[in-house]
Amino acid sequence: MLNQLVIGMLKAFTHINYLIAGIFFLFSSIPPTQADEWEKILNLEGKWRFSIGDALAWANPSFDDKNWDIIQVPSSWENQGFYGYDGYAWYRKTFKVPAGYQKKDLYLSLGYVDDVDEVYINGQIIGFSGTFPPRFKTAFRAYRMYPIPAAYLNMEGENVIAVRVYDSVIEGGITEGEIGIYINHADVTLSVDLRGIWNFKTGDSLDWQRNNLDDTDWNKIMVPAKWEHQGFWEYNGYAWYRKTVVLPKNLKGEKLFLVLGYIDDYNEVFVNGALIGSTGMTANGNPILGDDEAWLKPRIYYLPADVIHFGKNNTIAVRIFDKIGDGGIYNGPVGIIRQSQYESFRRRYND
């Protein structure tokens with residue numbers, strides 16, 4: 001009860017500042033040099049389908065939601081006839097990719113969601129913030145901007161967005177923000193897109209760099225996004241990210257680079273168990289605590305040809321030390337690029 005009261009007080013205070021937070025969103029969520037390069041190409045504000053309750057079948061694009069309520073987005077559900085309701089609810093909306101943007105990297109902005117959300121496009125999960133019960137952690141202060149994998153989209157027809165939400169106290173739902181589909185003119189074209197769900201674990205063990213490590217029981221985390229917004233509130237110290245990817249055979253013979261966006265604060269990167277680079281770490285793997293600007297440095301590392309495999313699984317393991325405040329792989333791009341793309345990346349991100 002006390003925890004709910006504290007959360008409620010904090011949420012009430014923060015709701016007063018949502019408008020201010022929205023103004024500064026671009027500057028806190030992406031590097032300031034790119035803040036003016038986001039463009040909304042499709043406005044999704046207005047009427048959405050809505051139902052209280054919870055069933056994962058509601059993520060299915062073929063689910064018939066015609067008997068659901070109609071609700072305005074953005075606005076709390078308390079303001080629309082569901083006063084006092086705390087618990088699970090779902091939102092659904094259809095959209096078409098605007099003409100001329102079928103070959104662009106697209107993002108879904110849901111603004112602020114109170115408290116926890118899980119987002120699906122055509123039945124495929126594309127992002128989440130906070131954690132649902134029984135390990136409930138709110139993320140009501142996190143601005144939701146999720147990359148949409150092109151493979152999940154119907155470029156010529158309708159697409160279905162389904163948003164699962166859990167609210168603990170006070171207001172709930174998609175409450176504030178600029179809701180829509182966006183492009184980022186600062187994006188670098190990725191040969192292999194690594195944004196999305198990674199395996200994640202707090203703590204530290206050099207054994208976690210191993211290629212054949214069983215990490216199936218690790219937590220799931222979205223990349224890029226601060227780990228504070230995904231259930232690890234106020235966590236400082238070591239943590240590891242891991243992801244397995246198959247490199248396309250058509251990249252064989254190319255010089256490749258691994259791009260890990262921006263990391264707060266210091267990191268080492270292992271591919272198939274081999275150390276390929278670090279930022280803010282000594283040769284012995286200890287953080288250089290005097291490097292206070294490491295979190296502003298874009299991460300890009302050469303992938304040695306003798307370390308990677310084409311047409312087979314490759315394991316990327318990222319060891320991170322966060323000394324204070326926010327932590328993790330907090331902003332993109334995240335993926336693999338060719339050498340021919342490197343110069344444009346370096347110029348854009350001032351590496």
Side-chain angles (χ1 to χ4, degrees), residues 21-22 25-26 28-30 34 37-45 48 58-59 61 73-74 90-98 101 104-132 137-155 159-166 173-188 190 193-198 200 219-231 241 243 260-262 326 328-335:
F25 152 63
L26 289 176
S28 63
S29 299
I30 60 176
Q34 301 174 38
E37 298 187 356
W38 289 94
E39 177 188 350
K40 182 191 283 190
I41 63 167
L42 182 63
N43 188 1
L44 294 178
E45 297 175 22
W48 287 55
W58 296 349
V73 171
W90 283 70
Y91 295 76
R92 286 171 57 94
K93 191 174 184 65
T94 61
F95 73 96
K96 292 183 178 180
V97 177
Y101 293 96
K104 298 286 188 179
D105 289 332
L106 304 181
Y107 298 79
L108 172 63
S109 169
L110 288 176
Y112 294 96
V113 178
D114 199 342
D115 286 282
V116 181
D117 66 288
E118 193 171 72
V119 184
Y120 298 83
I121 296 286
N122 297 328
Q124 302 292 326
I125 187 168
I126 67 163
F128 58 86
S129 296
T131 55
F132 292 100
K137 293 288 185 181
T138 183
F140 73 98
R141 293 191 295 179
Y143 199 102
R144 274 61 164 185
M145 180 71 85
Y146 298 121
I148 307 175
Y152 295 171
L153 287 169
N154 178 359
M155 295 298 181
N159 298 273
V160 178
I161 305 169
V163 185
R164 182 190 189 206
V165 176
Y166 176 81
I174 305 172
T175 57
E176 296 279 349
E178 296 290 331
I179 316 302
I181 304 296
Y182 284 74
I183 62 170
N184 185 350
H185 295 290
D187 268 346
V188 172
L190 301 169
D193 193 340
L194 296 176
R195 297 171 300 180
I197 300 174
W198 289 52
F200 176 80
N219 296 295
K220 304 299 180 184
I221 199 165
M222 289 303 303
V223 172
K226 300 170 184 177
W227 65 45
E228 279 78 5
H229 296 161
Q230 301 182 73
Y241 291 73
K243 190 174 185 68
L260 290 174
Y262 294 83
D326 296 327
I329 307 173
Y330 70 91
N331 192 41
V334 179

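Atoms considered below: every heavy atom in the structure, side chains included; atoms not considered: hydrogens, waters and symmetry mates. We count residues from 1, following the sequence as given. Keep in mind that what you see is a predicted model, and the values were worked out from it rather than measured.
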R164 side-chain N/O to A162 backbone N/O, donor-acceptor pair under 3.5 Å: no

Considering residues at least two apart in sequence or located in another chain, which fulfil the ring pair (Phe, Tyr, Trp, His ring centres under 6.0 Å) criterion with W48? none

Listed by chain and number, what are the ring pair (Phe, Tyr, Trp, His ring centres under 6.0 Å) partners of F132, not counting sequence neighbours? Y88

If you draw a 6.0 Å radius around NZ in K96, do more than 12 non-hydrogen atoms from other residues or ligands fall strictly inside? no

Which value, rounded to the nearest 0.5 Å, describes the distance between W227 atom CH2 and D326 atom CG? 10.0 Å

Chi angles and distances behind the side chain to side chain contact (heavy atoms under 4.5 Å, CB included) call for L44, L108: CA-CA 9 Å; L44 294 178; L108 172 63; 3.8 Å; yes

Least distance between heavy atoms, K40 atom then N43 atom: NZ-OD1, 3.6 Å

Can you tell me how far the OG atom of S109 sits from the CG atom of L42, to the nearest 0.5 Å? 12.0 Å

Donor-acceptor pair, distance only, cut-off 3.5 Å: does the side chain of Q230 make one with the backbone of M222? yes

Walk me through whether V73 and E45 qualify under side chain to side chain contact (heavy atoms under 4.5 Å, CB included). CA-CA 5 Å; V73 171; E45 297 175 22; 6.0 Å; no

Ring pair (Phe, Tyr, Trp, His ring centres under 6.0 Å) filter on Y107, not counting sequence neighbours, yields W38

For L106 and I41, run side chain to side chain contact (heavy atoms under 4.5 Å, CB included): C-alpha distance rounded to whole Å, both residues' side-chain angles, the deciding distance at 0.1 Å, then the answer. CA-CA 9 Å; L106 304 181; I41 63 167; 3.8 Å; yes

So do the side chains of P74 and Y112 get within less than 4.5 Å of each other, counting heavy atoms only? no

For the CZ atom of F200 and the NZ atom of K220, what is their distance to the nearest 0.5 Å? 13.0 Å

For the backbone of G328 and the side chain of K226, can you confirm whether one donor and one acceptor N or O come within less than 3.5 Å of each other? no

Report the residues that fulfil side chain to side chain donor-acceptor pair (under 3.5 Å) with N219, sequence neighbours left out, ordered by chain and then residue number. none

Flag side-chain contact, heavy atom, 4.5 Å: E178 against Y143: yes

With sequence neighbours excluded, tell me which residues meet side chain to side chain donor-acceptor pair (under 3.5 Å) with N122. N159

Taken to the nearest 0.5 Å, the spacing of S129 OG from H229 NE2 works out to 8.0 Å

Restricting to non-hydrogen atoms, name the atom on P147 and the atom on P149 that form the minimum distance, rounded to 0.1 Å. O-CD, 3.5 Å

Flag yes if more than 12 heavy atoms outside K137 fall under 6.0 Å of its NZ atom; otherwise flag no. no

Once you round to the nearest 0.5 Å, how far does NZ of K93 lie from CD1 of I174? 10.5 Å

If we only count heavy atoms from C-beta on, is the L190 to P333 side-chain gap below 4.5 Å? yes

Is the closest side-chain heavy-atom distance between I161 and I121 below 4.5 Å? yes

Shortest non-hydrogen pair, G130 vs A139, comes out as N-CB, 3.4 Å

Which of parallel (below 30°), tilted (30 to 60°) and perpendicular (above 60°) describes Y241 and W198? perpendicular

So, do F128 and I126 sit near enough that their side-chain heavy atoms are less than 4.5 Å apart? no

Measuring from atom CG of N331 to atom CE of M145, what distance do you get when rounded to the nearest 0.5 angstrom? 10.5 Å

Does Y182 have any side chain to side chain donor-acceptor pair (under 3.5 Å) partners at least two apart in sequence or in another chain, and if so, which? none

On a heavy-atom basis, which atom in D114 and which in T175 lie closest, and how many Å separate them? CB-CG2, 4.1 Å

Starting from the C-alpha separation in whole Å, work towards a yes-or-no answer on side chain to side chain contact (heavy atoms under 4.5 Å, CB included) for D105 and R195. CA-CA 11 Å; D105 289 332; R195 297 171 300 180; 4.0 Å; yes

